[in-house]
Engineer: 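Handing you this structure, nothing more for now.
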Amino acid sequence: MPHNGTVAVLPAPVPGAPPRPRVPRPERWVMENGLRVVAIQKRGIPQVVLRLAIPAGGASDPAAYPGTASLVAHLLTEGTQSMTADELNARLDLLGASVHASTGHDWAEVEAILLTDTMDEGIALMAEVATRPSFPEQETERVRAESLDALVAREDEPANVADDRVALEVFGEAHPYGHPSFGTAAGIASVPREALAEFHAARYRPQGSFLVAAGDFDPAVLRARLDEAFAGWTGAVERVPYPAGPPAPANAGQAVVVPWDDAAQSEIRIAGAGLDRRSPEWLVGAVANYVLGGSTITGRLGANLREDKGWTYGVRSAFHAGQAIGGWGADTAVEVAVTADAVGEMIGEMRRMATEPVPDDELRRAKDAMILSLPRVFETPGSIASRFVTIEAFGLSDDYWERYPDAIEAVTADDVLAISRRCFDPERLVRVVVGGGM
């Protein structure tokens with residue numbers, strides 16, 4: 001306080017521009033067998049993360065055996081042509097490494113998390129797992145039984161039933177995205193062990209696949225180790241053609257209710273067609289979605305159902321990326337007694353997005369949140385690898401994440417309104433409720 005007794009009033013601080021992410025530039029090459037490699041150095045953490053993506057997801061399942069792709073991925077680490085599962089796990093433990101496989105609709109992935117000092121042998125083990133599994137009979141039957149048990153348990157959860165039903169409503173029977181990527185009980189139970197090996201032989205090929213490596217390594221050493229480990233792996237695989245998805249769900253504008261006896265809560269899903277991940281519209285949609293439900297607290301859905309009404313712990317919405325055009329959806333769970341009211345409030349927020357421009361201050365907050373969250377996703381080898389898997393899977397430019405802040409800044413309120421009319425119009429969306437109260 002000044003000596004004359006007056007109070008000094010300082011001007012309010014003016015926030016500066018959000019910090020720009022420091023995006024590392026990758027090195028790229030194609031191995032002699034056709035495998036594309038993307039290598040990104042990240043010094044300071046003695047770790048290397050490798051992600052091998054192969055177009056062998058659930059969309060590739062033989063028609064007679066839905067679940068083949070998922071079973072094959074689960075069995076990659078259950079024994080190879082040179083070691084049993086126990087021997088493999090013991091070796092990985094000794095190296096302080098991990099290797100695991102997973103599938104979605106589009107891709108099968110093998111991920112290795114290695115220490116820099118043991119990278120050489122870790123890469124060799126990853127290649128062994130991905131390219132030379134043996135599908136031992138005992139482990140095959142054990143994993144088959146575990147998968148069937150997991151499917152039965154999954155059907156006991158209303159949230160899972162809601163997720164599966166809304167996918168079917170949005171995409172229909174004929175589209176791979178209309179069904180779970182892990183297949184069906186009938187397919188998993190009946191697929192012969194020989195068909196699993198045949199699927200692997202046909203789909204797990206280097207041409208058409210790619211590998212992303214991020215971490216503390218010498219690129220020349222990485223290249224040499226990859227050449228050695230994958231030298232015997234050859235062949236090509238074509239990506240599966242996808243049918244066009246419906247422009248809107250068959251039951252758009254309607255409610256599909258799946259009764260659930262003695263339900264304390266209702267699982268609510270409101271969904272429809274999404275956007276092409278490769279299109280510039282994706283980022284416009286991302287901004288619009290952030291305003292509506294990208295944050296469970298500050299998004300309009302969360303502010304209404306959670307903060308104002310106190311009906312739910314969380315409500316979110318998202319566009320879902322895929323090799324084919326994915327979907328968009330919002331989801332939450334509420335007490336049965338307020339189910340109809342909650343659906344009405346969600347529809348009201350979606351209609352408001354589709355009919356009224358977003359105010360400047362609300363748009364500004366959404367953009368800042370999206371831009372400010374970006375730098376931290378380049379802090380670890382794992383998160384860096386994930387971002388470059390996205391670039392490679394969708395054919396985006398290497399400077400995509402560097403240009404991301406400017407692309408977000410360029411989105412206008414008119415852009416948000418236009419994309420909201422297409423994607424959030426309640427008459428183009430189906431409502432799925434598992435529980436009661438409707």
Engineer: Using the benzene-type ring in the case of Trp, are the ring centres of Tyr65 and Phe199 under 6.0 Å apart?
Structural biologist: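 Between Phe199 and Tyr65, which both carry aromatic rings, the centre distance is not below 6.0 Å.
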
Engineer: Under 4.0 Å between a side-chain nitrogen and a carboxylate oxygen: does that hold for Asp361 and Arg365?
Structural biologist: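 Counted as a salt bridge, because a side-chain N and a carboxylate O are separated by less than 4.0 Å.
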
Engineer: Are Trp401 and Phe388 an aromatic pair by the rule of ring centers under 6.0 Å?
Structural biologist: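 No: the rings miss the under 6.0 Å criterion.
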
Engineer: Establish, yes or no, whether a centroid distance under 6.0 Å links the rings of Trp107 and Phe210.
Structural biologist: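 Aromatic pair counts; centres sit under 6.0 Å.
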
Engineer: Are any of the side-chain nitrogens in Lys42 or Glu379 under 4.0 Å away from the carboxylate oxygens of its partner?
Structural biologist: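 Judged by the 4.0 Å cut-off on N to carboxylate O distance, Lys42 and Glu379 do not form a salt bridge.
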
Engineer: Looking at Asp163, Thr332, Asp331, which one forms a side-chain hydrogen bond (donor to acceptor under 3.5 Å, both in side chains) with Arg269?
Structural biologist: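 So, applying the side-chain hydrogen bond (donor to acceptor under 3.5 Å, both in side chains) to Arg269 and each of Asp163, Thr332, Asp331, only Asp163 qualifies.
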
Engineer: Just wondering, more than 12 heavy atoms not from His175 lying within 6.0 Å of its NE2?
Structural biologist: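 Atom NE2 in His175 is crowded, with more than 12 foreign heavy atoms closer than 6.0 Å.
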
Engineer: Looking at CD1 of Ile123 and CG of Leu114, how far apart are the two atoms once the value is rounded to the nearest 0.5 Å?
Structural biologist: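 Reported value, rounded in 0.5 Å steps: 6.5 Å.
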
Engineer: Please collect all salt bridge (Lys or Arg N to Asp or Glu O under 4.0 Å) contacts where either partner lies in residues 428-438, sequence neighbours excluded, each pair once.
Structural biologist: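 For residues 428-438, and leaving out neighbouring residues, there are no salt bridge (Lys or Arg N to Asp or Glu O under 4.0 Å) pairs at all.
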
Engineer: Give the intermediate values and the outcome of side-chain contact (heavy atoms from CB on, under 4.5 Å) for residues Ser386 and Arg51.
Structural biologist: CA-CA 8 Å; Ser386 178; Arg51 290 179 60 179; 3.4 Å; yes

Engineer: On the six-membered ring of Trp29, is Arg223 placed so that its NZ or CZ lies under 6.0 angstrom from the centre and within 45° of the ring axis?
Structural biologist: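 Yes - Arg223 lies over the ring of Trp29, closer than 6.0 Å to its centre and within 45° of its axis.
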
Engineer: Can you confirm whether the side chains of Tyr177 and Asp106 place a donor and an acceptor under 3.5 Å from each other?
Structural biologist: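 Yes, side-chain donor-acceptor contact under 3.5 Å.
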
Engineer: For the pair Phe424 and Trp328, name the ring-plane relationship: parallel under 30°, tilted 30 to 60°, perpendicular over 60°.
Structural biologist: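 The rings of Phe424 and Trp328 sit tilted, inter-plane angle from 30° to 60°.
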
Engineer: Would you say CD of Glu137 has more than 12 non-hydrogen atoms from neighbouring residues, nucleotides or ligands within 6.0 angstrom?
Structural biologist: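 Not buried by this count: 12 neighbours or fewer within 6.0 Å.
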
